[in-house]
Amino acid sequence: MLIVDSTYKVMLFYIAMTAFLFPGAARGENAGVPIFAAFSFMIITRALFFMVKDAFDPAISAGIEAVVVLVSFGAACWLAFQVLQKQLVDTEKSKQASAEAVRKRLENQCEELSAQFDLTPREQEILLLLAQNYRAPYIAERLVVSQSTVKTHMRNLYAKLGVHSQAELLLLVEEKEQGVSVK
């Protein structure tokens, strides 16, 4: 009986801690609904079992009790795994969406600078890659050109934008984002 009593207390603890373990449920998302349903089912099953427990032989009753406890723990583990997997997928999706939004905003800023300073299409490509903090060797590899070609485009780009380094270029893009008047 001790294992059953402790199992019941652990289940009650998890029910009480659901809001902390699954913060989405506290914000109104229904992440906690399956957990509440599963734990409610376990508690109802245990209550029904205790009501009919005296109808069985004590040995059979103990066997059924052990099976119920094991199935309850197995179901709780499976449910926890499913919830954690869903949270990981949701987190990854939000990170990807955030990165995509940052990339799109950066592209828009570079397009505005390109139009303002009349950059060539290749200079626009290099501006975007420089704004993403890539260096000349990577840009050359990505655009399938030599490093000297990239450096020539960078010199022309820096001259048109009135900057002398990639750090200044990044500041210029940041100023563009903040709405500061650019030259």
Side-chain angles (χ1 to χ4, degrees), residues 13-41 73-183:
F13 171 76
Y14 278 111
I15 289 172
M17 296 304 292
T18 299
F20 302 104
L21 295 171
F22 307 100
R27 291 189 304 267
E29 299 172 9
N30 55 355
V33 171
I35 292 162
F36 283 124
F39 284 131
S40 298
F41 174 75
F73 275 130
C77 290
W78 176 80
L79 185 62
F81 174 76
Q82 294 299 318
V83 169
L84 289 174
Q85 187 176 12
K86 182 183 181 310
Q87 287 178 342
L88 288 173
V89 167
D90 290 347
T91 301
E92 185 62 31
K93 284 181 182 177
S94 68
K95 283 181 182 178
Q96 288 176 351
S98 176
E100 182 64 27
V102 167
R103 187 186 60 76
K104 189 65 175 165
R105 190 177 73 236
L106 189 60
E107 284 179 3
N108 290 339
Q109 293 162 356
C110 290
E111 285 177 13
E112 289 176 18
L113 282 172
S114 297
Q116 182 179 351
F117 290 98
D118 197 33
L119 302 179
T120 66
R122 184 58 95 175
E123 289 170 343
Q124 290 176 15
E125 286 179 301
I126 292 175
L127 171 64
L128 181 60
L129 292 169
L130 287 170
Q132 293 172 350
N133 213 18
Y134 292 121
R135 305 285 184 236
Y138 174 80
I139 296 172
E141 185 179 314
R142 175 130 182 217
L143 299 179
V144 192
V145 295
S146 70
Q147 283 188 39
S148 62
T149 301
V150 170
K151 288 181 181 182
T152 300
H153 285 299
M154 287 171 61
R155 271 193 302 278
N156 295 338
L157 178 64
Y158 289 171
K160 286 182 179 180
L161 297 177
V163 297
H164 301 93
S165 67
Q166 187 173 4
E168 288 181 20
L169 179 113
L170 293 172
L171 286 173
L172 182 70
V173 171
E174 187 177 316
E175 287 173 358
K176 186 70 173 172
E177 176 185 9
Q178 295 173 355
V180 176
S181 177
V182 180
K183 301 182 183 179

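- Using modelled atom types, one side-chain atom of E123 and one backbone atom of T120 make a donor-acceptor pair closer than 3.5 Å.
- E92 and K95 are not joined by a salt bridge, as no carboxylate oxygen comes within less than 4.0 angstrom of a charged side-chain nitrogen.
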Requested in this report: Show your working on side chain to side chain contact (heavy atoms under 4.5 Å, CB included) between Q116 and L113 and close with a plain yes or no.
Outcome: CA-CA 5 Å; Q116 182 179 351; L113 282 172; 4.2 Å; yes
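- Put simply, CD on E107 and OG on S114 are 11.0 Å apart, with the number rounded to the nearest 0.5 Å.
- Within the model, atoms CG of L143 and OH of Y134 stand 11.5 Å from one another, a figure rounded to the nearest 0.5 Å.
- Heavy-atom minimum distance, G162 versus E168: O-OE1, 4.5 Å.
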**Report entry** side chain to side chain contact (heavy atoms under 4.5 Å, CB included) assessment of H153 paired with V150
**Finding:** CA-CA 5 Å; H153 285 299; V150 170; 5.7 Å; no
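- Every residue was checked against the salt bridge (Lys or Arg N to Asp or Glu O under 4.0 Å) condition with R142, not counting sequence neighbours, and none meets it.
- Nearest heavy atom pair, residue Q124 against residue L119, reads NE2-O, 3.4 Å.
- Applying the salt bridge (Lys or Arg N to Asp or Glu O under 4.0 Å) rule to E112 yields the partners K176; only residues at least two apart in sequence or on another chain are considered.
- Taking both residues in full, the closest heavy atoms of A136 and Q147 are given as O-CG, 4.4 Å, listed atom of the first, atom of the second, then distance.
- Taking OG from S165 and CE from M154, the interatomic distance works out to 9.5 Å, rounded to the nearest 0.5 Å.
- Atoms OG1 and NZ, from T91 and K86 in turn, are 9.5 Å apart once rounded to the nearest 0.5 Å.
- Between the E174 side chain and the L169 main chain, no donor and acceptor come within less than 3.5 Å of each other.
- Separating the CD atom in E111 from the CG atom in L127 is a distance of 10.5 Å, to the nearest 0.5 Å.
- Of the inter-residue distances, the one linking E125 atom CD with C110 atom SG reads 12.0 Å to the nearest 0.5 angstrom.
- For the residue pair T152 and T149, no side-chain donor N or O sits within less than 3.5 Å of a side-chain acceptor on the partner.
- Qualifying salt bridge (Lys or Arg N to Asp or Glu O under 4.0 Å) partners for R135, counting only residues two or more places apart in sequence or in other chains: none.
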Query - Steps toward side chain to side chain contact (heavy atoms under 4.5 Å, CB included) verdict (Q132, L129) - result: CA-CA 5 Å; Q132 293 172 350; L129 292 169; 3.8 Å; yes
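- Between N108 and R105 the shortest side-chain heavy-atom distance does not fall below 4.5 Å.
- Contact detail for L170 and L130: the closest heavy-atom pair is CD2-O, 3.6 Å.
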